[in-house]
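Okay, structure first, notes after.
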Protein chains: 2
Amino acid sequence: MLNYSTSEENYIKAIFHLQKQDGTVTTNELANELKTKPASVTDMMKKLKAKKLLNYQPYQGFRLNNDGTKVALGIIRRHRLWEYFLAEKLKFTWDEVHEVAEDLEHVSNKKLIDKLDEFLGFPRTDPHGDPIPDANGKIEISRKICITELPLHTVAIVSSVSDQSSEILELLEHKKITIGTKVEVKKKFDFDKSMEIRIGRQPVFTISDRLAQNIFVQSN
Amino acid sequence: MLNYSTSEENYIKAIFHLQKQDGTVTTNELANELKTKPASVTDMMKKLKAKKLLNYQPYQGFRLNNDGTKVALGIIRRHRLWEYFLAEKLKFTWDEVHEVAEDLEHVSNKKLIDKLDEFLGFPRTDPHGDPIPDANGKIEISRKICITELPLHTVAIVSSVSDQSSEILELLEHKKITIGTKVEVKKKFDFDKSMEIRIGRQPVFTISDRLAQNIFVQSN
DNA sequence: TATTTAATTTAGATTTATCTAAACCTATTT
DNA sequence: AAATAGGTTTAGATAAATCTAAATTAAATA
Ligand SMILES: [Mn+2]
Ligand SMILES: [Mn+2]
Ligand SMILES: [Mn+2]
Ligand SMILES: [Mn+2]
């Protein structure tokens with residue numbers, strides 16, 4: 001396995017997260033995700049294409065190929081194992097781990113990561129509930145859906161939350177929404193797409209669509 | 001505290017290790033240590049001088065100032081804490097830890113390192129026997145001397161060994177020379193500066209000057 | 001189908017870190 | 001004091017990653 005620069009790895013991982021099922025990722029989407037400029041994205045896409053990690057034709061968007069996906073899963077494995085370590089061993093709160101893991105994930109020594117995995121007891125999910133790929137890059141497919149797609153009056157369990165910004169995580173913590181929380185949608189409003197939800201036996205309260213988009217549940 | 005690039009940090013740390021007591025470090029010495037070219041060193045010295053981390057006048061060598069020393073001690077703290085973690089928690093052998101720590105040391109998140117320190121139980125030395133600076137940059141001054149300076153027939157304890165290359169560490173392991181080993185110099189040869197030493201009650205054997213230079217002992 | 005708009009790419013700069021080769025100092029030796 | 005040899009610095013290139021502004025293309029609209 002070759003080694004990739006921190007910058008290349010950040011692009012590869014971002015593409016992996018953005019490409020859903022069969023669709024392609026656009027230049028602007030990726031630039032927005034990485035807080036960079038479209039011109040920089042185009043440069044990097046040419047480079048990653050030359051390294052045979054993705055399919056890319058000018059103006060047609062891009063998508064990781066098999067090799068690129070393997071690389072992405074390696075980065076995600078490192079990221080999530082470090083997140084687990086930070087939360088479980090170093091007692092970081094779960095909204096702090098992502099930022100630190102964003103750097104640690106780029107130390108790519110296979111032995112280090114496999115020994116870390118063993119030391120942690122081969123955890124299956126990170127502190128946000130996302131599955132951790134194993135040493136061969138195999139990852140559990142999770143049956144999670146966004147809470148916005150959950151039918152009314154159906155109790156589900158929060159299985160993961162977006163980890164993209166610590167602002168969101170701070171809000172979730174304040175609302176006492178965390179992994180494992182039992183939640184039920186009581187009402188949805190078309191006007192602003194906000195929804196009223198209930199956690200356990202607490203009073204019903206409202207969350208914005210923006211927040212709901214970042215909460216994922218396991219319906220069974 | 002500002003942040004420095006990986007490259008800047010590697011230069012700063014190398015200068016710290018090369019500058020003994022009151023002397024200055026030369027361009028060639030540093031280029032040799034970092035396996036780079038003298039021209040690259042000169043470029044970086046200008047940069048680090050501009051950042052007020054060292055004293056440097058063209059052709060006169062250089063030396064870290066107070067601020068530079070503080071930065072160096074921070075890097076060394078990270079390096080040695082990770083080495084301890086790798087050896088103690090992940091069960092790396094002590095000749096494998098340096099290389100990995102060389103990368104991990106550049107993840108400079110103060111909270112991460114202070115929590116790691118706490119998790120490890122505030123270790124005082126790394127797996128090579130070198131002291132670990134505390135969160136304030138304070139470091140124990142060790143009374144260690146090189147085995148080449150140890151008087152004949154004086155039993156001493158190996159307190160640290162060079163960790164610069166895994167080749168040396170491999171050799172030391174083969175010879176069963178490790179931290180805590182009791183050692184005594186039986187004879188020194190002027191011709192090639194080799195020496196005969198005895199470990200515990202084993203038969204006397206010879207080590208080269210090149211190797212001896214990398215073995216440090218605590219004479220009492 | 002022609003036009004307009006929005007997304008994307010290209011062109012040209014900038015910054016950081018590196019190198020080689022040439023020029024330049026400093027110290028030692030004649 | 002002049003010559004020489006080492007060590008050091010400068011000059012000029014290169015590669016990676018980024019940017020702004022201009023040019024181009026594709027898609028939507030008239
Ligand atoms: Mn994360
Ligand atoms: Mn990252
Ligand atoms: Mn080390
Ligand atoms: Mn390093």
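Chain identifiers are assigned alphabetically (A, B, ...) following the order of the sequence lines, protein sequences preceding nucleic acid strands; residue numbering begins at 1 within each chain. Below, each value reflects all heavy atoms present in this structure, side chains not excepted, and no hydrogens, waters or symmetry copies.
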Does [X] place a side-chain N or O at less than 4.0 Å from the phosphate oxygens OP1/OP2 of [N]?
{"X": "Tyr56(B)", "N": "dT9(D)", "value": "yes"}
{"X": "Asn28(B)", "N": "dT8(D)", "value": "yes"}
{"X": "Ser40(A)", "N": "dT18(D)", "value": "no"}
{"X": "Thr36(A)", "N": "dC19(D)", "value": "yes"}
{"X": "Thr42(B)", "N": "dT10(D)", "value": "no"}
{"X": "Ser5(B)", "N": "dT16(C)", "value": "no"}
{"X": "Ser7(B)", "N": "dT18(C)", "value": "yes"}

Donor-acceptor contact below 3.5 Å, side chain Lys91(A) vs main chain Glu88(A):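 Present.
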
Between Thr26(B) and Asn28(B), a side-chain donor and acceptor under 3.5 Å: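 There is no such pair between these side chains.
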
For [X] and [N], what is the distance between atoms [atom1] and [atom2] respectively, to the nearest whole Å?
{"X": "Tyr11(A)", "N": "dA16(D)", "atom1": "OH", "atom2": "C1'", "value": "11 Å"}
{"X": "Met44(B)", "N": "dT16(C)", "atom1": "CE", "atom2": "C1'", "value": "8 Å"}
{"X": "Asn3(B)", "N": "dT16(C)", "atom1": "CG", "atom2": "C1'", "value": "16 Å"}
{"X": "Asn10(B)", "N": "dT18(C)", "atom1": "CG", "atom2": "P", "value": "9 Å"}
{"X": "Gln57(B)", "N": "dT26(C)", "atom1": "CD", "atom2": "C1'", "value": "15 Å"}
{"X": "Asp43(A)", "N": "dA11(C)", "atom1": "CG", "atom2": "P", "value": "11 Å"}
{"X": "Tyr4(B)", "N": "dT15(C)", "atom1": "OH", "atom2": "P", "value": "20 Å"}

Minimum-distance nucleotide to Lys46(A) side chain [options: dT8(C), dC19(D), dT10(C)]: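 Given the options dT8(C), dC19(D), dT10(C), the side chain of Lys46(A) is closest to dT10(C).
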
Among dT18(D), dA21(D), dT25(D), the nucleotide that comes nearest once only the side chain of Tyr59(A) is considered: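 Among the listed nucleotides, the one closest to the side chain of Tyr59(A) is dT25(D).
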
5' precedence on DNA chain D between Lys37(A) and Gln60(A) (nearest-nucleotide basis):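 Result: Lys37(A).
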
Sugar-phosphate only, base, or nothing, as touched by Pro58(B) at under 4.0 Å among non-hydrogen atoms: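 Sugar-phosphate, no base atom in range.
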
Gap separating the OG1 atom of Thr206(A) from the CD atom of Glu196(A), nearest 0.5 angstrom: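 The distance works out to 4.5 Å.
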
Check: Tyr11(B) ring centroid to Tyr4(B) ring centroid under 6.0 Å: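 For Tyr11(B) and Tyr4(B), the ring centres are not under 6.0 Å apart.
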
side-chain contact (heavy atoms from CB on, under 4.5 Å) between Met45(A) and Thr27(A), worked out: CA-CA 9 Å; Met45(A) 293 312 99; Thr27(A) 303; 5.8 Å; no

